Amino acid sequence: GSLPGLVALLALLLLRSWQSRLRHSGVTLGLALVLLVLPFALQAAGLGVISVAPALFGLAQVGLGDVIGTMLAALRESRLTDPQTGLANARALRESMAIDQQGHVVVMRLANYADIVNVLGRAHAGLVVQRTAQRLSALTACPVHHVEPNALGWIDPCTDHETQAEQVEAGVALFNQAVDVDGRPVRVVPAFGVASIDGSGARTLDRALMAADQAQTKGARWDWYHATADVESDWRLSLAAEVEAAMASGAIHPVYQPQYDLRARDINGAEALVRWNHPERGPINPESLIALVEEHGLIAPLTLHVLRTALNDQRRWTQAGVAIHVAVNVSAMLPADSAFIAAVEALLAQYPGAAEQLTLEITESTPMIHTAAVIAALERLQALGITISIDDYGTGQSTLSYLRNLPAREIKIDKSFVIGMAASRSDQLMVASTIALAHALEYRVVAEGVETAAILDMLAEAGCDFVQGWHIGRPMSAADLQALALHSQRAAA
Ligand code: C2E
Ligand code: MG
Ligand code: MG
């Protein structure tokens, strides 16, 4: 398999020498795509019928990982753009907020947006938003983001209250005159909201939007975000106080999403996903629950609660004659906590043989997982027989070759790429080449977010090991999972 490898290697070296001069990410992406398809295309043309794996392995050493990284960067960029207006989106704003921690987030709602849509139609309303953004750029050197259909937002590095207030007044004045849309004057009624970035992190954008709504209800043109209006903070506080009792009563518990083994052709694994159906507030979003629990220092008890429940359920499945491997999510901050690792070891001592049937998923999207303490902790867990899996692969900054520092045996390709395979050729290619490279590096690969049979087929074609998603099954109770796995394992036998 050296011919495709050699050609690809040559192309890679060329790409590397050009890369520094290439500014346009589209060109880089194009080259990366060509490079990735090349070995497969040559093989298809009969020029290299032999497995491409050894060539891929060689490439992995010299930096195919970097090329995939470049592709990922381009894909990530497209996820940061609003397709309607081409402006950067809310996600982009939240990400830059994590970098510049100073100043205010300012948003402007087009208070009469509904009328604009009614009169001009949706396509032209998009144009109105674009013109509004252009006008706002007179106010700020920072890029204006399209954060909601009827709202624009940006970061203002100004930290002084007075100056900030003057800026927003100036913003209001900008809309005394109609904006021009294809020669037609359109009146835009602004409602501004301002929130300080200090200490509120990614929630600042929501707070600024809340302030704009507040302004609108009061009939004002703008308002500050007021902590008193933050019903959300009281809400979160009282919720956090209930977490421990809810764990004890079992109100907080895992459900299980089946994983289908493409080689064995049966369901022999599941991911535990936490759920809390609150008696008054209804189902609490798992990601908000995790964020809340992390903020209140309860993430270790919650993770141990989910782990203990999963091990108990797994013991019951085993007693019923169904072998099911179970995966539990672990927040990236936890492995550095030696008390947590010791608690996991103590817990596993009560479940003989369970470690080999257990996976711990660590998300890749935090840089924290590369610190020496975390690597050492993961090695300790792996030595017990636990499989370490890299969750949400593709959303963070690491390339596969970089991840090799970690004692992980599995990667889970993030659902955004898998769902994207339905419509995007570059997502298909990204997933297929990631699978090939991961195999060359001896990882097993799980694809999550498999929603259709068509995507399942593509993944099977690409040699994926396990799939998880609505097409296989939604997250379900331990008893339902047991019945489903039993049925599937009997059918396969
Ligand atoms: P994750 O670990 O990446 O879990 C996969 C998420 O994708 C789950 O959302 C699952 O319900 C959803 N999903 C599964 N199949 C499909 C599909 O076909 N299409 C789509 N669109 N989505 C699908 P869920 O349960 O809301 O969990 C969200 C995240 O919350 C998880 O992402 C994980 O990061 C976190 N999480 C959940 N349970 C726990 C836990 O016990 N501990 C920790 N630390 N985090 C948890
Ligand atoms: Mg997970
Ligand atoms: Mg995931």
Side-chain angles (χ1 to χ4, degrees), residues 244-277 283 286 300-330 334 340-362 378 380-389 391 408-410 412 444 446 448 450 465-493:
E244 285 185 289
M247 287 196 291
S249 73
I252 293 181
H253 66 274
V255 289
Y256 300 93
Q257 185 170 35
Q259 292 180 337
Y260 181 76
D261 182 333
L262 282 162
R263 264 169 251 293
R265 294 171 175 278
D266 65 13
I267 290 165
N268 56 28
E271 177 177 9
L273 293 161
V274 75
R275 291 292 179 266
W276 186 8
N277 195 355
L302 178 106
T303 307
L304 290 167
H305 170 69
V306 170
L307 181 58
R308 189 179 305 109
T309 314
L311 290 171
N312 271 328
D313 287 332
Q314 189 183 47
R315 182 185 273 169
R316 243 171 265 129
W317 299 327
T318 311
Q319 283 162 357
V322 204
I324 305 173
H325 197 105
V326 70
V328 171
N329 292 283
V330 174
L334 271 180
F340 171 76
I341 301 294
V344 171
E345 285 173 339
L347 184 61
L348 276 169
Q350 299 167 31
Y351 296 84
E356 285 72 22
Q357 292 294 323
L358 176 67
T359 294
L360 295 179
E361 296 185 3
I362 318 274
L378 295 180
R380 241 169 96 184
L381 295 170
Q382 197 172 48
L384 295 175
I386 298 172
T387 304
I388 304 296
S389 176
D391 203 354
R409 288 269 170 71
E410 180 184 282
K412 287 189 88 169
R444 36 179 242 189
V446 183
E448 62 174 29
V450 179
D465 304 295
F466 294 88
V467 285
Q468 176 184 342
W470 297 342
H471 181 66
I472 312 298
R474 301 255 174 176
M476 58 185 78
S477 73
D480 286 350
L481 178 76
Q482 179 182 316
L484 182 70
L486 182 67
H487 180 78
S488 140
Q489 292 181 14
R490 282 209 177 127

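As the structure is a computational prediction, the values presented were derived from the model and not from experiment. Quick note: residue numbers are just sequence positions, from 1.
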Pro254 and Ala272: which non-hydrogen atoms are nearest, and at how many Å?
CB-CB, 4.0 Å
Reference residue Glu361; test side chain to side chain contact (heavy atoms under 4.5 Å, CB included); the match among Val328, Asn329, Val330, Thr387
Asn329
Side-chain contact test, heavy atoms from C-beta onward, threshold under 4.5 Å: evaluate it for Pro283 versus Asn277 and give yes or no.
yes
State which residues pass salt bridge (charged side-chain N to carboxylate O under 4.0 Å, His left out) with Arg308; sequence neighbours excluded, sorted by chain then number.
none
Sorted by chain and residue number, the salt bridge (charged side-chain N to carboxylate O under 4.0 Å, His left out) partners of Arg316 (sequence neighbours excluded) come out as Asp313
Do Arg474 and Val255 come within less than 4.5 Å of each other through their side chains, counting heavy atoms only?
no
Please give me the minimum heavy-atom distance between Ile267 and Tyr260, naming the atom from each residue.
CG1-CD1, 4.0 Å
How far apart are the C-alpha atoms of Ile324 and Gln314, what are their side-chain angles, what is the distance that settles it, and do they pass the side chain to side chain contact (heavy atoms under 4.5 Å, CB included) test?
CA-CA 7 Å; Ile324 305 173; Gln314 189 183 47; 5.6 Å; no
Residue pair Val344 / Thr303, side-chain heavy-atom distance below 4.5 Å:
no
If you round to the nearest 0.5 Å, how far is CE of Met476 from CG of Leu273?
11.5 Å
Does one side chain, of Asn312 or Tyr351, offer a donor that lies under 3.5 Å from an acceptor on the other?
yes
In Å and rounded to the nearest 0.5 Å, what is the CZ to CG distance from Phe340 to Leu381?
7.5 Å
At what distance, to the nearest 0.5 angstrom, does CG of Leu347 lie from CG of Leu311?
5.5 Å
Check step by step if side chain to side chain contact (heavy atoms under 4.5 Å, CB included) holds for Ile362 and Leu334.
CA-CA 9 Å; Ile362 318 274; Leu334 271 180; over 6 Å; no
Using atom types as modelled and distance alone, determine if a side-chain donor or acceptor of Gln468 lies under 3.5 Å from a backbone N or O of Ala270.
no
Say whether, by atom type as modelled, one donor and one acceptor occur between the side chain of Trp317 and the main chain of Leu486 under 3.5 angstrom.
no
Taking CZ in Arg409 as the centre, count heavy atoms belonging to other residues, nucleotides or ligands within less than 6.0 Å. Is the count above 12?
no
Out of curiosity, Leu378 CG to Leu360 CG, how far, rounded to the nearest 0.5 Å?
8.5 Å
Quick one: does any side-chain atom of His253 pair with a main-chain N or O of Ala251 as donor and acceptor, under 3.5 Å?
yes
On a heavy-atom basis, the closest approach of Tyr256 and Ala310 is OH-CA, 3.2 Å
Quick check for you: to the nearest 0.5 Å, what is the distance between Trp276 atom CH2 and Met247 atom CE?
9.5 Å
So for atom CD, which belongs to Glu244, do other residues, nucleotides or ligands contribute more than 12 heavy atoms lying within a distance under 6.0 Å?
no
Examine distances only and state if a side-chain atom of Glu345 and a backbone atom of Leu384 form a donor-acceptor pair shorter than 3.5 Å.
no
Which pair of heavy atoms, one from Asp266 and one from Gln489, lies closest together, and at what distance?
OD2-CG, 3.6 Å
With a 4.5 Å limit on heavy-atom distance, are the side chains of His325 and Asn268 in contact?
no
Candidate list Lys412, Gln257, Gln259, test side-chain hydrogen bond (donor to acceptor under 3.5 Å, both in side chains), partner Glu271, passing option
Lys412
If only atom types and distance count, is the side chain of Ser389 paired as donor or acceptor with the main-chain N or O of Thr359 below 3.5 Å?
no
